[in-house]
Each structure stands twice: as structure tokens, then as C-alpha cells.
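Down below is the structure, laid out as C-alpha cells.
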Amino acid sequence: MQIVYDYPLYRPPSEANSVIFQVTIGCSYNKCSFCNMYRTKKYVERQLDELKSEIDLVSVEQPWTRRIFLADGDALNLQTTVLLQILEYLYLKFNYLERVSCYAMPRNILEKKDTELQTLREAGLSMLYVGIESGNDLVLRKITKGASQRQIIHSCRKAKDNGFNLSCMIILGIGGRTYSTQHIIDTVKTVNEISPDYLAALTLNLEQGIYDEFMFKYSKQFEPLNDLELLKELHILINGINSKYPITFRANHASNVYSIGGTLPDDRENLLSLIHELTLNPGRLRDKRLRRF
Ligand code: SF4
């Protein structure tokens with residue numbers, strides 16, 4: 001017997017080897033104009049009994065499991081008491097479990113008290129994945145992110161202050177040509193204020209199903225960046241990151257023009273040289289037909 005997932009199912013690239021339990025279906029917000037992930041789903045919180053049966057099943061088949069990812073789009077939206085019951089059951093059933101993680105929206109974090117976050121952390125929820133997307137308030141409004149720069153910074157710092165490992169995502173090109181400079185400069189400032197443990201840079205690729213909505217919400221013709229402009233944003237991002245602690249940086253998502261990664265600031269100069277080389281040799285970039293968001 002296997003878990004019957006409610007597809008589509010998403011997880012961060014770094015959770016490729018994790019067991020996934022869908023504790024919620026869809027996204028409780030589901031309004032970001034660039035995101036097509038859960039548009040076909042209505043947000044639902046799974047019944048605990050049902051989940052426990054799945055956990056029982058997988059714990060027998062994969063007792064050595066060390067990492068678990070709680071899907072779908074914002075599992076942290078669950079009430080703390082419910083999440084605690086899930087975490088307790090997971091650690092009871094998987095003797096080798098080391099890490100449980102999930103996606104979280106800024107508002108999920110802001111809605112929880114410090115004491116709730118601390119209890120969740122102590123119960124073994126250790127890593128949160130938060131989409132920053134942009135640090136610029138105008139861009140955030142245009143993409144209907146549902147959070148301002150201040151709220152994003154506040155929520156991420158709150159998560160870190162309460163002991164969570166934090167992995168943040170930003171999106172290159174989401175300001176279009178008009179707002180590219182503001183987007184990337186404010187994104188650098190935001191990342192530096194947060195100082196996440198991990199940072200992933202994705203690249204905007206609008207899928208067919210949301211293209212019209214994205215353009216409508218932008219309320220002005222959105223001009224996508226070309227590859228050289230995307231490399232310029234990447235250069236400014238890597239050059240500008242100057243956070244208190246080292247950041248594991250990745251721009252290796254299928255949406256990116258090229259896969260790069262390293263630790264910042266240590267690998268900064270190597271990464272900047274590589275970007276410079278790519279600018280001179282755009283033929284080395286990923287084939288556009290292979291790029292997807
Ligand atoms: S980006 Fe995240 S919060 Fe926004 S709609 Fe998609 S899953 Fe929901």
C-alpha cells in the first residue's frame with residue numbers, strides 16, 4: 001500500500017529525499033499572482049485520524065526515515081495544537097527522525113505567538129521555507145504577495161529568534177524591466193536584515209494558466225527581463241549579500257538561466273566571476289525550452 005497523494009505535489013529541491021505527508025491540501029492564501037501551484041485545489045486541513053493511518057503505514061515501510069516534509073503550501077497555517085499532535089506522532093513512529101520542515105507564509109509566522117513557535121521548535125519542527133519573492137513593497141503589491149517588506153522581515157526574524165532554521169526564496173525578474181533595480185536592491189536589503197540560513201534564487205517564468213492574471217494585477221505592461229538582465233540581477237544579489245552569518249546560496253532551480261551555488265560570503269568572488277563569464281558566453285545558459293517554474 002502507498003500514500004495516495006492529492007496532486008500536484010510540491011516540495012523544495014532540498015527535500016527531494018524526504019518523506020512527504022500532506023497535512024494540508026493547497027494554500028490557505030492562494031492569491032500570489034505568479035504562483036500556479038495550488039490553483040486547482042481548495043484549501044483543506046486533513047483529518048488527524050487519516051494522517052495517522054498514513055504515518056503508521058510509512059513508518060512500517062520506511063522505518064529509517066530521517067527527514068519529513070509537511071505539505072502542501074503553508075502547513076504552518078494549522079493550529080499549533082494540531083501541529084503538535086502531528087509532530088508528536090511522527091517522532092513516536094519514526095525512531096531515526098532528525099528533521100521536520102514545511103513551507104510557511106509570513107502571516108502564518110506572525111499569527112503565532114513566540115511561545116507557540118518555541119513549542120513547535122521543541123517538538124521537532126526545525127526548518128521553515130519562506131517565500132520572500134521581492135523586498136520591494138511596490139512589487140510585492142503588484143504580485144499580490146499579501147505581505148509587505150516589513151512584515152516579511154519581521155516574520156523571518158521572529159522565526160529565527162525562536163530557533164528555526166530558515167530557508168528563503170527570492171524571484172529574479174519579478175520586477176520586470178521597469179522595477180528591476182528597485183526590486184533587486186530592496187531584496188538584497190531584506191535578505192541582509194533577515195540573514196537566513198539558506199537562500200534560493202528562482203527566476204520568474206509565467207505559466208500559461210496565470211499569465212493573464214499576473215499581467216492584469218501588474219496593471220501596467222510587464223516587460224520580462226532577458227537573460228543578460230537576469231544575470232545582472234543575480235550579480236547585484238550575490239555582490240550585495242552581507243549578512244551577519246554565512247548563507248548557503250543556490251540558484252539551481254529549473255527556472256534559472258544557469259545552476260550555481262555556494263556559501264556567501266566565502267564563494268562570492270568565484271560566483272561573480274562565473275556570472276561574468278556567462279555574460280560573455282550566453283550560449284552556455286540553460287536552453288529556454290528546459291526552463292520551468
Ligand atoms: S506563493 Fe506560496 S503563499 Fe503564494 S499562492 Fe503560492 S503557495 Fe500560496
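We're numbering straight along the sequence, starting at 1. Note: hydrogens, waters and symmetry copies are ignored here, and every other heavy atom, side chains too, is used. Whatever order the structure lists them in is the order used to number ligands and atoms, beginning at 1. The model shown is predicted, which means the values in this text are computed figures rather than measured ones.
Remark: atom 2 (Fe) of ligand 1 lies closer than 4.0 Å to no protein heavy atom.
Not counting sequence neighbours, the partners of R284 by the side chain to side chain donor-acceptor pair (under 3.5 Å) test are Y258, E277.
In this structure, F94 and F21 have tilted ring planes: the angle between them lies in the 30° to 60° band.
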Next item on the list: Please test Y43 against Y38 for ring pair (Phe, Tyr, Trp, His ring centres under 6.0 Å), starting from the C-alpha separation and ending with a verdict.
Entry: CA-CA 9 Å; Y43 178 74; Y38 305 110; 9.8 Å; no
Item checked: Trace of the side chain to side chain donor-acceptor pair (under 3.5 Å) decision for R286 with S259 -> CA-CA 8 Å; R286 181 178 277 134; S259 283; 2.9 Å; yes
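Summarising the local packing, CZ of R66 is surrounded by 12 or fewer heavy atoms from other residues, nucleotides or ligands at distances under 6.0 Å.
Less than 4.0 angstrom separates some heavy atom of Y38 from each of these atoms of ligand 1: 7 (S).
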When the side chains of residues 197-205 are checked against the rest of the protein, which donor-acceptor pairs come out under 3.5 Å, sequence neighbours left out?
from : atom 1 : to   : atom 2 : distance (Å)
D197 : OD2    : L166 : N      : 2.8
T203 : OG1    : N256 : ND2    : 2.8
N205 : ND2    : S255 : O      : 3.4

Name every donor-acceptor pair, under 3.5 Å, that has one atom in a side chain of residues 119-126 and the other anywhere in the protein, sequence neighbours excluded.
from : atom 1 : to   : atom 2 : distance (Å)
T119 : OG1    : T115 : O      : 2.6
R121 : NE     : G163 : O      : 2.8
S126 : OG     : V100 : O      : 3.4

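Near-neighbour remark for atom 4 (Fe) of ligand 1: protein N, O or S atoms under 2.8 Å are C32 SG; waters not counted.
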